[in-house]
Amino acid sequence: MNYTKALETDIPALIDMRIAYLTEDYQTLAAEQADAIRAQLPGYFAGHLNRDLIAYAAKDERKIAASAFLHITEMPANPAVLTGKFGVMLNVYTRPEYRRMGIAKQLLTMAIEDGRRLSLSYISLDATQDGLPLYRKLKFTEIKPRYTGMILKL
Ligand SMILES: CC(C)(COP(=O)(O)OP(=O)(O)OC[C@H]1O[C@@H](n2cnc3c(N)ncnc32)[C@H](O)[C@@H]1OP(=O)(O)O)[C@@H](O)C(=O)NCCC(=O)NCCS
C-alpha cells in the first residue's frame, strides 16, 4: 500500500471516493443529489486541493483503497483556537474490501502529523458509529458543545 497526499491528477479518483463515502453514509442519497455533488466536486478540488484541503490517499497499485480529507480553516483567534487555525476531517473512507487492515489509521496519523506541523489548534470531526473505535484509538475525545449549534438553510 502506498500512502500519499493527492495531487491534481488524482481529482477524478477523489471524486469517486467522495461519492462512495456519501453513498454509504447517506443510505438515502438520491440520484439528483449525487448528480449535484458530482457537478460541484471538480471545481471544488481544482480550487482547494493542497491549499485549504489536503487529501490523503492509500493506493493499491493505482487504485485508491482509502481516503481522508483534512480541511483547514483560518479564522480570528479565540481561546479554543489560539493559532486561529483548525482542521476538520472529512471523507474518512476505506473501501469495504480493504477494511480492518490499519489503512485509515495510517492516513489519519499522517493528517495529525500535518496538523501539528501546520500549527492547527485542533482537528475535529463528526464520527460515524464505524469510525468511533478508530478515532478513540487515535486519542480523539468526545466534546460537549459550549454553544448551541444553529443553522439557517438557504
Ligand atoms: C471507519 C473506517 C474508515 C475504518 O477504516 P479501516 O481502514 O478499516 O480502519 P483501520 O483498519 O485503520 O482501523 C484502525 C483501528 O480501529 C479499529 N476499528 C476500525 N473499524 C472498526 C470497527 N468497525 N469496529 C471496531 N474497531 C474498528 C481497528 O481494530 C483498528 O485497531 P488496531 O489498529 O488496533 O487493530 C471504515 O470502516 C469505513 O470506511 N467505514 C464507512 C465510512 C465511515 O463511517 N467513515 C468514518 C466517517 S467519520
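All ligand and atom numbering here is 1-based and tracks the order in the structure. Just so we're clear, the structure is a prediction, and the values are computed from it rather than from any experiment. Each residue takes its place number in the sequence, starting with 1. Hydrogens, waters and symmetry mates play no part in the numbers below; they use all other heavy atoms, side chains included.
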query = Would you say ligand 1 has an N or O under 3.5 Å from any N or O of Val92?
reply = yes

task = Below 4.0 angstrom from a heavy atom of Met101, which ligand 1 atoms are there? Numbered from 1 as shown, please.
result = 11 (O)

query = Tell me, which protein residue and heavy-atom name are nearest atom 25 (C) of ligand 1, and how many Å apart are they?
reply = Pro133 CG, 3.5 Å

inquiry  = Is any side-chain heavy atom of Tyr98 closer than 4.5 Å to one of Met1?
reply    = yes

ask   = Hey, is Asp126 touching ligand 1 through its side chain, its backbone, both or neither, going by heavy atoms under 4.0 Å?
value = backbone

query = Would one find an N or O of Gly102, backbone or side chain, under 3.5 Å from an N or O of ligand 1?
reply = yes

inquiry  = Are Leu132 and Tyr93 connected into the same hydrophobic cluster when the rule is that any two of I, L, V, M, F, W, Y join if their side-chain heavy atoms are below 4.5 Å apart?
reply    = no

query = If you draw a 6.0 Å radius around CG in Asn78, do more than 12 non-hydrogen atoms from other residues or ligands fall strictly inside?
reply = yes

Donor-acceptor pair, side chain of Ser67 and main chain of Asn91, under 3.5 angstrom = yes

ask   = Does a side-chain heavy-atom distance below 4.5 Å link Tyr122 with Ile143?
value = no

inquiry  = Quick check: Tyr135 and ligand 1, any N/O pair under 3.5 Å apart?
reply    = no

query = Could any protein non-hydrogen atom be found less than 4.0 Å from atom 2 (C) of ligand 1?
reply = no

query = So, does Arg51 use its side chain to make a donor-acceptor pair with the main chain of Ala46 at under 3.5 Å?
reply = yes

message = I need the contact type for Gln106 against ligand 1. Using non-hydrogen atoms and a strict under-4.0 Å cut-off, is it side chain, backbone, both or neither?
response = neither

Protein heavy-atom partner closest to atom 37 (O) of ligand 1 - residue, atom, separation in Å = Arg99 CD, 3.5 Å

message = Determine whether a donor-acceptor pair (N or O, by modelled atom type, separation under 3.5 Å) exists between the side chain of Arg38 and the backbone of Ile15.
response = no

message = I want to know if ligand 1 touches Ala104 in the polar sense, i.e. an N/O pair below 3.5 angstrom.
response = yes

task = Given side chain to side chain contact (heavy atoms under 4.5 Å, CB included), test Leu70 with Ile123 step by step and report yes or no.
result = CA-CA 8 Å; Leu70 176 64; Ile123 296 175; 4.2 Å; yes

remark   = If you compare Leu107, Leu134, Asp130, Leu138 by their heavy atoms, the one closest to atom 15 (C) of ligand 1 turns out to be Leu134

inquiry  = Below the 3.5 angstrom mark, is there an N/O of Lys105, backbone or side chain, next to an N/O of ligand 1?
reply    = yes

key: Residue Gly131 vicinity, atoms of ligand 1 by number, heavy atom under 4.0 Å   = 1 (C)

task = Could you walk me through whether Thr94 and Met101 pass the side chain to side chain contact (heavy atoms under 4.5 Å, CB included) test, one step at a time?
result = CA-CA 10 Å; Thr94 302; Met101 296 164 65; over 6 Å; no

query = What residue and heavy atom of the protein are closest to atom 44 (O) of ligand 1, and at what distance?
reply = Thr128 OG1, 2.6 Å

ask   = Would you say Lys59 and Asp10 make side-chain contact, with heavy atoms under 4.5 Å?
value = yes

query = Taking C-beta and beyond as the side chain, do Leu14 and Glu8 meet within less than 4.5 Å on heavy atoms?
reply = no

query = With only distance considered, is Glu24 within less than 3.5 Å of ligand 1 through an N or O on each side?
reply = no

remark   = protein heavy-atom neighbour closest to atom 17 (C) of ligand 1 works out as Lys137 NZ, 4.0 Å

key: Any Ile37 side-chain heavy atom under 4.5 Å of Leu29 side chain   = yes

request  = Check step by step if side chain to side chain contact (heavy atoms under 4.5 Å, CB included) holds for Tyr56 and Leu108.
outcome  = CA-CA 8 Å; Tyr56 303 87; Leu108 285 161; over 6 Å; no

inquiry  = If the cut-off is 4.0 Å to any non-hydrogen atom of Tyr93, which atoms of ligand 1 fall inside it?
reply    = 39 (O), 42 (C)

ask   = Hey, is ligand 1 close enough to Arg100 that some N/O pair sits below 3.5 Å?
value = yes

task = Specify side chain, backbone, both or neither for Met89, according to which of its non-hydrogen atoms lie closer than 4.0 Å to ligand 1.
result = neither

Ligand 1 contact by Leu125, heavy-atom criterion under 4.0 angstrom = no

ask   = In the protein, which heavy atom is nearest to atom 7 (O) of ligand 1, and how far is it?
value = Thr94 OG1, 2.9 Å

